[in-house]
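Just below is one structure, and these are the notes that go with it.
Since this is a predicted model, take the numbers as computed values, not measurements. Quick note: residue numbers are just sequence positions, from 1.
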Amino acid sequence: MKLPTKLAIIGDPVAESLSPAIHSAALLSLGLRLRYVAVRVPVTRLHGLFAELSERYVGLNVTRPLKEMVVDLCDDVSSEAAQAGSINTVAFRDGRAYGASTDVSGFMPAIRTVTSRNFSVAVILGTGGVARAAALVLRREGAHVHVSGRNELAGKRLAADLNVSFGSISAPSTRSALERADLLVNATPLGGGATATESPLPDDAPLPSQGAVFDLVYRPRMTRLLKRARDEGCLTIDGLHLLVEQAALSLQIWTGQQGPRQVMRAAALAALNERGLEPELPRAMQGKGI
C-alpha cells in the first residue's frame, strides 16, 4: 500500500489560505518530501469525506467552519482540544485520527512575540473554535474573560463550558467588560476579506487604551480595528503572529520536527505582498509597548 505524501488544510472557504505557502516553504527548508494543499470541504460533506481524507493525507489543518465538528470524528483528542471543544490539527497514525488544537498551544506564544505583559480582564469577540481556544488559555492564565458574539446559543454554551461570561455586543455587560479590559481579542472573521472595511466592534465601544488589541484576522495585517486601536494608543497584535505559531506547532505534530518560524513568517509575508495586501508595519507604528 502506497503511503500518503501530502498534508492539507480543509475548510470552506480555503482558496485564499496562506497555509499552503507557509507550509510549503517550511517543508522545503526541512528537506521533507511532503506536499501541502488546500481542500475545500463544506460542512455537509465532512462526515462523508473524513475516511477518505485519512487515507490520502498524513495530516490536516482544520479551519472554519469545521473545527468543532472534527472533534467527534477523531479517535484520540488532546486534553487541550477536548477542553476547548475545537480541533485545528489532525494527524493520521496507525489507522487512527489524532486531534489537537494549536490554537490553544500557540495563543500565548503568539502574544509573547510582542509583549510579556499578563492580562487580568479580557474580552473576546466571537464564539467559534478559535474563540473557545482563546478563552480557555486566558482563563488558565488567571484572567477574567467575557465573550461577546452574534450566536447566542454558541456563546452561552461556551460560557458554560469554560466558566466565562457572555453577552451580546450591545449588552451592558459587554460594555462594562470592555471598560475594564486590558486585552481585546477579535476571534471573528469581521475585518478581513470581503469585510475588510468593517470592524467587529462598534465605533463608540471603548478600547483598552492602556492594554492590547489582538486581531486574529491576518488579511489585511492592519485591520480597521487595529488602526483604531493604534490611533488610541493600544498595543496592537496582528493575526499573523498566531498563524505562524499555529503552523509551526502543527508541523511538529505531523513530522516531529520543529517548524522553522522565521522561514514560515517570511513565506506568509511574501504571499501577502504578492496578493497586493498591506505589508508589515514598522514596529514603531504598532502602538506603545507594554
Side-chain angles (χ1 to χ4, degrees), residues 62 64 67-71 74 77-89 99-169 171-189 200-201 205-208 210-217 225 229 234-237 239 241-243 245-246 249-250 290:
V62 184
R64 288 185 176 93
K67 291 184 177 185
E68 293 167 78
M69 293 177 64
V70 167
V71 174
C74 289
V77 177
S78 72
S79 59
E80 288 184 332
Q83 284 183 278
S86 170
I87 283 172
N88 78 331
T89 302
S101 175
T102 64
D103 286 335
V104 173
S105 53
F107 187 82
M108 286 310 301
I111 289 179
R112 292 293 176 245
T113 62
V114 178
T115 179
S116 60
R117 176 172 177 171
N118 295 318
F119 301 101
S120 58
V121 179
V123 174
I124 299 171
L125 306 179
T127 57
V130 70
R132 294 181 70 92
L136 173 63
V137 172
L138 290 166
R139 286 288 293 130
R140 283 184 180 175
E141 293 288 315
H144 170 80
V145 176
H146 180 84
V147 174
S148 180
R150 297 176 177 177
N151 189 327
E152 185 175 354
L153 180 61
K156 289 183 176 179
R157 185 167 60 241
L158 190 163
D161 290 347
L162 299 179
N163 192 28
V164 303
S165 58
F166 170 78
S168 69
I169 197 66
S173 61
T174 297
R175 187 172 187 91
S176 175
L178 285 166
E179 289 171 344
R180 295 180 289 113
D182 48 15
L183 175 66
L184 172 65
V185 179
N186 176 31
T188 80
L201 196 68
L207 289 176
Q210 301 301 311
V213 176
F214 188 4
D215 196 335
L216 304 188
V217 170
L225 176 64
C234 304
L235 178 74
T236 60
I237 310 170
H241 293 283
L242 181 57
L243 182 68
E245 194 64 33
Q246 289 168 328
L249 293 169
S250 292
I290 294 179

Practice problem: Check the surroundings of atom CD in Glu179: do more than 12 heavy atoms from other residues, nucleotides or ligands lie under 6.0 Å from it? | Solution: yes
Self-check item: Steps toward side-chain contact (heavy atoms from CB on, under 4.5 Å) verdict (Lys67, Ser101)
Solution: CA-CA 9 Å; Lys67 291 184 177 185; Ser101 175; over 6 Å; no
Exercise. For Arg180 and His144, run side-chain contact (heavy atoms from CB on, under 4.5 Å): C-alpha distance rounded to whole Å, both residues' side-chain angles, the deciding distance at 0.1 Å, then the answer.
Key: CA-CA 10 Å; Arg180 295 180 289 113; His144 170 80; 4.2 Å; yes
Measure from the side-chain N and O atoms of [X] to the backbone N and O of [Y], and report whether any donor-acceptor pair falls under 3.5 Å.
{"X": "Thr188", "Y": "Gly126", "value": "no"}
{"X": "Thr236", "Y": "Val213", "value": "no"}
{"X": "Arg112", "Y": "Thr115", "value": "yes"}
{"X": "Arg139", "Y": "Asn163", "value": "yes"}
{"X": "Asn186", "Y": "Leu216", "value": "no"}
{"X": "Ser250", "Y": "Gln246", "value": "yes"}

Closest heavy-atom pair and its distance - [X], [Y]:
{"X": "Thr89", "Y": "Ile87", "value": "O-CG2, 3.5 Å"}
{"X": "Thr113", "Y": "Ala110", "value": "OG1-O, 2.5 Å"}
{"X": "Ala205", "Y": "Leu178", "value": "CB-CD1, 4.1 Å"}
{"X": "Thr102", "Y": "Asn88", "value": "N-OD1, 2.8 Å"}
{"X": "Cys234", "Y": "Leu207", "value": "SG-CB, 4.2 Å"}
{"X": "Leu162", "Y": "Leu136", "value": "CD1-N, 4.0 Å"}

Any side-chain heavy-atom pair of [X] and [Y] under 4.5 Å:
{"X": "Leu235", "Y": "Arg117", "result": "no"}
{"X": "Ser168", "Y": "Glu152", "result": "no"}
{"X": "Phe214", "Y": "Val114", "result": "no"}
{"X": "Leu225", "Y": "Val217", "result": "no"}

Quiz item: Can you list the steps and then say if Val130 with Arg64 is a side-chain contact (heavy atoms from CB on, under 4.5 Å)?
Solution: CA-CA 9 Å; Val130 70; Arg64 288 185 176 93; 4.2 Å; yes
At what distance, to the nearest 0.5 angstrom, does [atom1] of [X] lie from [atom2] of [Y]?
{"X": "Thr127", "Y": "Glu68", "atom1": "OG1", "atom2": "CD", "value": "7.5 Å"}
{"X": "Arg150", "Y": "Leu125", "atom1": "CZ", "atom2": "CG", "value": "10.5 Å"}
{"X": "Asp103", "Y": "Leu242", "atom1": "CG", "atom2": "CG", "value": "6.0 Å"}

Quiz item: Between Gln83 and Arg140, does any side-chain donor sit less than 3.5 Å from a side-chain acceptor?
Solution: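 Per modelled atom types, Gln83 and Arg140 side chains form a pair under 3.5 Å.
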Practice problem: Might you work through the side-chain contact (heavy atoms from CB on, under 4.5 Å) test for Ile111 and Phe119, ending with a clear yes or no? | Solution: CA-CA 11 Å; Ile111 289 179; Phe119 301 101; 4.0 Å; yes
